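Below you'll find the structure, written out as structure tokens, and then a few comments.
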Amino acid sequence: MKFLDEIISTTDYYLVDVVVSDSKIRKKITVFIDSDEGISIDECGEVSRKLGIELEEIIDVAFVLEVSSPGADSPLKFERQYTKNIGRTLKVTLEDLSEVKGTLTQVSNGKITLEPEAKKKIKPEAMTLLIENIKEAKVIISFK
């Protein structure tokens, strides 16, 4: 989205995803943005206002625009998202569909390091995984 790139180019925000949903009534465009420090509702609103003005010029049907940060349960897509979650527990599904749960301890050069959960008082060795081999990684939310 050229317009969005122009709007966020002078900020610390980055595009995570764009989802377009068709509806019988209105098309819905959902834009997910983030920054390394997180993003506020007001910041999303500012981007939404600017982007809405641009999209109204090129889209001739009714649409709903939503600009949001990725939810806590959204998959991590970029290395910088992993970096801001160091110290948190992840559930990682690899391309071969195997799963690993563990604490994210390090991120660098397209790789992450996880300390897998201990089982039966045996502490497993840390695992280093290539981000490109990860099908999906989500932060496990803890309410402890």
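On a predicted model such as this, the values are computed, not experimentally measured, just so you know.
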CA sep, side-chain torsions, deciding dist, call: Leu90, Leu76, side-chain contact (heavy atoms from CB on, under 4.5 Å): CA-CA 10 Å; Leu90 302 183; Leu76 306 178; 4.0 Å; yes

Derivation and outcome, side-chain contact (heavy atoms from CB on, under 4.5 Å), residues Ile134 and Leu94: CA-CA 4 Å; Ile134 295 174; Leu94 300 172; 4.1 Å; yes

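Remark: Lys135 pairs with no residue by the side-chain hydrogen bond (donor to acceptor under 3.5 Å, both in side chains) rule, at least two apart or across chains. Under the rule for a side-chain hydrogen bond (donor to acceptor under 3.5 Å, both in side chains), the partners of Asp96 that lie at least two apart in sequence or sit in another chain are Ser98. For Leu130, the side chain to side chain contact (heavy atoms under 4.5 Å, CB included) partners at least two apart in sequence or on another chain are Lys111, Glu132, Asn133. Not a single side-chain hydrogen bond (donor to acceptor under 3.5 Å, both in side chains) links Gln106 to another residue, sequence neighbours left out. Legend: residues meeting side chain to side chain contact (heavy atoms under 4.5 Å, CB included) with Arg26, ordered by chain and number and at least two apart, are Ala62, Val64. Applying the side chain to side chain contact (heavy atoms under 4.5 Å, CB included) test to Glu117 and every residue at least two apart in sequence or in another chain returns Thr89, Lys101. Legend: residues meeting salt bridge (Lys or Arg N to Asp or Glu O under 4.0 Å) with Glu37, ordered by chain and number and at least two apart, are absent. Partners of Ser40 according to the side chain to side chain contact (heavy atoms under 4.5 Å, CB included) rule, which considers only residues two or more places apart in sequence or in another chain, are Asp42, Glu43. For the salt bridge (Lys or Arg N to Asp or Glu O under 4.0 Å) test, residues two or more places apart in sequence or in another chain that qualify with Lys27 are Asp22.
At least one side-chain heavy atom of Cys44 sits less than 4.5 Å from a side-chain heavy atom of Ile39. Looking at heavy atoms from C-beta onward, Thr11 lies out of side-chain contact with Val47 at the 4.5 angstrom threshold.
Criterion: ILVMFWY side-chain heavy atoms under 4.5 Å apart, direct or through other members. Under it, Val139 and Val107 are part of a common hydrophobic cluster. Cluster membership for Ile59 and Val31, using ILVMFWY side-chain heavy atoms within less than 4.5 angstrom, is shared. By the rule that hydrophobic residues join a cluster once side-chain heavy atoms approach within less than 4.5 Å of another member, Val67 and Phe32 end up as members of separate clusters. Put simply, Leu65 and Val19 are part of two different groups of oily side chains (I, L, V, M, F, W, Y) that touch within less than 4.5 Å, one to the next. Put simply, Val18 and Ile33 are part of the same group of oily side chains (I, L, V, M, F, W, Y) that touch within less than 4.5 Å, one to the next.
Within 6.0 Å of CD1 on Ile25 lie no more than 12 heavy atoms contributed by other residues, nucleotides or ligands. The number of heavy atoms from other shown groups lying within 6.0 Å of CD1 (Ile41) does not exceed 12.
Heavy atoms only, all atoms of each residue included: Phe63 and Leu55 are closest at CZ-CB, 3.8 Å. The nearest pair of heavy atoms linking Glu125 to Pro116 is O-CD, 3.4 Å.
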In a table with atom names and distances, give each donor-acceptor pair under 3.5 Å that connects a side chain of residues 77-87 to protein atoms at least two apart or in another chain.
residue, atom, partner, partner atom, Å
Lys77, NZ, Asp17, OD2, 3.1
Glu79, OE1, Gly110, N, 2.8
Glu79, OE2, Asn109, N, 3.4
Arg80, NE, Asp36, OD1, 3.0
Arg80, NH2, Asp36, OD2, 3.2
Gln81, OE1, Lys77, N, 2.7
Gln81, OE1, Phe78, N, 2.9
Thr83, OG1, Glu79, O, 3.2
Lys84, NZ, Asp34, OD1, 2.9
Lys84, NZ, Asp34, OD2, 2.8
Lys84, NZ, Ser35, O, 3.1
Asn85, OD1, Arg88, NH1, 3.1
Asn85, ND2, Gln81, O, 2.8

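Ile112 CD1 to Leu129 CG: the interatomic distance, rounded to the nearest 0.5 Å, is 5.0 Å. A distance of 7.0 Å separates CG of Leu114 from OG1 of Thr105, quoted to the nearest 0.5 Å. Within the model, atoms CG of Leu97 and CD of Glu136 stand 11.0 Å from one another, a figure rounded to the nearest 0.5 Å.
Judged as a salt bridge (Lys or Arg N to Asp or Glu O under 4.0 Å), the pairs with a partner in residues 51-66 (not counting sequence neighbours) are, in order, Lys28-Glu66.
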